[in-house]
Amino acid sequence: MSSIKYIFVTGGVTSSLGKGIVAASLAKLLQARGFSVTIQKFDPYLNIDPGTLNPYEHGECYVTDDGAETDLDLGHYERYLNIATSQSNNITTGRIYNNIISKERKGEFLGKTVQVIPHITDEIKRNFYLLGETEDYDFVITEIGGCVGDIESLPFIEAVRQAKWELGPENALVIHLTLIPYLKSAGELKTKPTQHSVKQLLESGIQPDILVCRTEYELPDDIRRKLALFCNVSIDSVIEAIDAETIYDVPLLMQKEQLDKIVLQKLRLTSKKDIDLTSWSGFLDKFKNPKHHISIGLIGKYVDLKDAYKSIAESFIHAGTHLDCKVNIVWIHSEDLEEHAIAPQLEGLDAILVAPGFGERGILGKIAAVKYAREQQVPFLGICLGMQMAVVEFARNVLGWADAASTEMDPNSTHPVISMMESQKKVVNKGGTMRLGAYDCTLVDGTNIKAAYGKTNIKERHRHRYEFNSDYLADFQRGGMQATGINPESNLVEVVEIPKHPWFVGVQYHPEYKSRVEAPHPLFVGFIKAAISYSLNKTLEEVNH
Ligand code: GLN
């Protein structure tokens, strides 16, 4: 039997309890004890991956180095653990069925009836174990999306039951995350929803080993005892997960509750070393005691759901903290911006970020925001669509091509300065077909981007179909916008800058996917540095007047 330990994390009572954060926090604690850990997410929905989902459905689509379009929880895993995840770390019901149906069409079942049990559950288990077979891990943590009791989760829960049985109690355990609501009128914390949720798990044949209880208030001993008694767990396996000031407090809160120790005890392991969370605690200390405060406008069309820009928001936290700076993100809906009335909306900002996105809606607002940043010399970062709109704005207002556009928005433009990549033209299917994942980029000396990274060759993740149309490159260079980062194989323009502007950078790639708590992204650090000096200069000017 393999020596890998498997931890399954299920959820009950409601969604949005933060299973991903709890899983990532436990992983962090185990990692800080010297173990090698990975996390995977199994989602019960039928989409093959979240790539085709509107961000309002499940928040941001996260992209891995190997070009998987995944659930945003993978972003948390990477940010907490400082590891790279891959295609194998996110599996959906859709993918499981797709695999089984293609096998069936190939005749691989040799005339057998193909059924949920055993074929679907076997395929789920095969995927539970896959990561552990390809790399050397001490722990594989598997987060099961959704709630127990959901019809669509049933095959996953059954597969967890089987896996737990096959692996044995020393090699696998189940952590159930649940909610202990506080009833204001009764002035009490209530355990009944948790009891019911655990009953539901028991009906599926799973006895959870550890309960992690989300709560607004501390769990008193009598509540812990009650939960232990009615859910058949030992009292030290009732873990309080109290609402935290920041998600980055959760590993320390879980450590205080001894979640890591109980896990090790149950799996008969001893720590590889004394737990070392120095750099994590150092980060939290800096995060909570900022010396600078700046405001950055984030212009996008999904701003009503902050999760749609999760990685960008977290990147600001990591890079800001590194610079002792609290970044206040001002969320601005691109449809609310109109060129003639833009100044009052953007005036107080120390920097402007135009976000990634797709389609026509809100595009004029994005272009107007770029124009404002360019003309007012406000530090600017455009990511993917944001970079493309910086190019369109420059073409329209500096080069004087009034109908310049991306062919995504205007296929008939006489100046298609952003156009569909050649390789995309024959693509018919929408799912998983963009230019995805990590590609090389070479940076030009003497530029803001090179100064930010401090090196020439970088590799960043992508998710797009359109690109800078290099037929116009010479015009742009003459007009004052430079291509300062190029893909060495295809010559695709990855970065544009305006050298006359103090800090104006557009990137075709997504730096936000590679920012980590303990390794802030250099481009965000560079951007925030520019914003801090803009803000200090502004204050100086005000004092001098
Ligand atoms: N819609 C643009 C493209 O496909 C930008 C994509 C993005 O911002 N991720 O190229």
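Numbering of residues begins at 1 and proceeds along the displayed sequence. Both counts, for ligands and for their atoms, begin at 1 and track the order of listing. Note that these values count all heavy atoms, side chains included, but never hydrogens, waters or copies made by symmetry.
Note: His521 and Tyr453 have perpendicular aromatic rings, judged against thresholds of 30 and 60 degrees for the angle between ring planes.
Listed by chain and number, Pro356, Gly357, Phe358, Cys384, Leu385, Gln388, Glu408, Arg463, His464, Arg465, Tyr466, His510 each place a non-hydrogen atom less than 4.0 angstrom from ligand 1.
For the residue pair Tyr372 and Glu347, the shortest heavy atom distance occurs at OH-CA, 3.4 Å.
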Distance-only donor-acceptor hits, side chain of residues 388-397, under 3.5 Å, sequence neighbours excluded:
unit_1	atom_1	unit_2	atom_2	d
Gln388	NE2	Tyr466	O	3.2
Gln388	NE2	Gln508	OE1	3.2
Glu393	OE1	Arg374	NE	2.7
Glu393	OE2	Arg374	NE	3.4
Glu393	OE2	Arg374	NH2	2.8
Glu393	OE2	Asn397	ND2	2.7
Arg396	NE	Ala404	O	2.7
Arg396	NH2	Ala404	O	3.0

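Evaluation of the side-chain contact (heavy atoms from CB on, under 4.5 Å) rule for Pro290 yields His293, Lys326 as partners, not counting sequence neighbours.
Identified under the salt bridge (charged side-chain N to carboxylate O under 4.0 Å, His left out) test for residues 351-370, with sequence neighbours left out: Glu335-Arg361.
In this structure, Arg435 forms a cation-pi arrangement with Tyr439, its terminal cationic atom sitting closer than 6.0 Å to the ring centre and no more than 45° off the ring axis.
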